[in-house]
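Take a look at the structure below.
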Amino acid sequence: MKTKLLSVAMAAVMAVSCLAGCSAGSSGDSLVNAAKKYGMKEFGEIKEITNLSIPTEDGSGYYVSKDEKEADYMTLSFGGKDPGTADDIKTEKFVMCIDCNLLSREPGSATTTITQATLKDEDSAKKLYEAAASNINDRFDGVTKGEENGITYSITYDGDDASQRFSGVYLKGNTVYRIYCMGLGDHDGKCTESFCKELGLVSPLTLK
């Protein structure tokens, strides 16, 4: 009888542990999962993703910050944080994805950057969102703002026959997503559309 009760108790503990782990993983790795589904490879060093962000080479992949210090650095460098107004924002995790074929200079080629910053709390995330949204307000003429499925967003699009660029910033709980794409000619936005579908985000291409 004791053995049976112990087995039942152990099974209950394992079930709870599994559910907790699955919940944390699905929440913290949503961008990683979207990147894998798109077919991106994981980079082991930050310099590899930096080379694509400049860009100095073409390629596709994602990078996950190694610790909170690096996550905060990446938020400052790539996430749109204003160091003058958001010094108290600390990032726990930062994921960066890049899909680049812009150096080919072919019509329709582009560089698409998608980032996910996981902040220590929702207040910090809101501050980062506001800083990043202000950034695109300064860089683009028209910005469309709204809320859908519990996600606050600011998106914009600017394009013609020669080039196009679009951007989006999104706030969901303690997470901030950012999308930026610059392309030549009429870019199909395949990468952006794929990630927006997986993450439940309103695509900037809805403004096209």
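In this chain, numbering begins with 1 at the start of the sequence shown.
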From [X] atom [atom1] to [Y] atom [atom2], the distance as rounded to the nearest 0.5 Å:
X: Cys196; Y: Leu205; atom1: SG; atom2: CG; answer: 7.5 Å
X: Ile179; Y: Thr113; atom1: CD1; atom2: OG1; answer: 10.5 Å
X: Ile136; Y: Tyr180; atom1: CD1; atom2: OH; answer: 11.0 Å
X: Ser109; Y: Leu184; atom1: OG; atom2: CG; answer: 4.0 Å
X: Glu57; Y: Asn101; atom1: CD; atom2: CG; answer: 13.5 Å
X: Ser154; Y: Asn135; atom1: OG; atom2: CG; answer: 11.5 Å

[X] to [Y] - nearest heavy-atom pair and separation:
X: Cys97; Y: Leu31; value: SG-CG, 3.7 Å
X: Gly61; Y: Ile49; value: O-CD1, 3.6 Å
X: Ile155; Y: Gly168; value: CG2-CA, 4.0 Å
X: Ala132; Y: Val169; value: CB-CG1, 3.7 Å
X: Asp99; Y: Met40; value: CB-CE, 3.9 Å
X: Leu199; Y: Ile151; value: O-CD1, 4.2 Å

Between [X] and [Y], do the side chains contain an N or O donor and an N or O acceptor separated by less than 3.5 Å?
X: Thr118; Y: Glu92; value: no
X: Tyr63; Y: Glu48; value: no
X: Tyr177; Y: Ser30; value: yes

Just by modelled atom types, is the [Y] backbone N or O under 3.5 Å from a matching donor or acceptor in the [X] side chain?
X: Thr91; Y: Thr75; answer: no
X: Ser65; Y: Phe94; answer: yes
X: Ser77; Y: Met74; answer: no
X: Asn174; Y: Leu119; answer: yes
X: Gln116; Y: Val95; answer: no
X: His187; Y: Ala110; answer: no
X: Asp58; Y: Leu103; answer: yes
X: Thr156; Y: Gly142; answer: yes
X: Asn51; Y: Lys47; answer: yes
X: Ser194; Y: Cys191; answer: no

Parallel, tilted or perpendicular: rings of Tyr157 and Phe166 (30°, 60°):
parallel

side-chain contact (heavy atoms from CB on, under 4.5 Å) between Met96 and Thr115: does it pass, once the steps are laid out?
CA-CA 4 Å; Met96 184 175 191; Thr115 61; 3.8 Å; yes

How would you list all residue pairs meeting salt bridge (charged side-chain N to carboxylate O under 4.0 Å, His left out) that involve residues 115-125, not counting sequence neighbours?
Asp123-Lys127

Under the salt bridge (charged side-chain N to carboxylate O under 4.0 Å, His left out) rule, what pairs show up with a residue in residues 194-208, not counting sequence neighbours?
Lys37-Glu198, Asp186-Lys208

Might you confirm whether atom CG of Asp160 has over 12 heavy atoms from other residues, nucleotides or ligands at distances under 6.0 Å?
yes

Take atom OH in Tyr73; do more than 12 heavy atoms of anything else shown fall under 6.0 Å from it?
no

Tyr62 and Phe43: ring-ring contact (aromatic ring centres under 6.0 Å, His included), yes or no, with the steps?
CA-CA 6 Å; Tyr62 68 94; Phe43 292 123; 8.0 Å; no

Kindly write out the residues that satisfy side chain to side chain contact (heavy atoms under 4.5 Å, CB included) with Thr152, not counting sequence neighbours, or none if the list is empty.
Tyr129, Glu147, Leu171

Lys/Arg N to Asp/Glu carboxylate O, Asp29 vs Lys93, below 4.0 Å
yes

So Lys36 and Lys41, do their side chains get closer than 4.5 Å, heavy atoms only?
no

Is any side-chain heavy atom of Glu130 closer than 4.5 Å to one of Leu128?
no

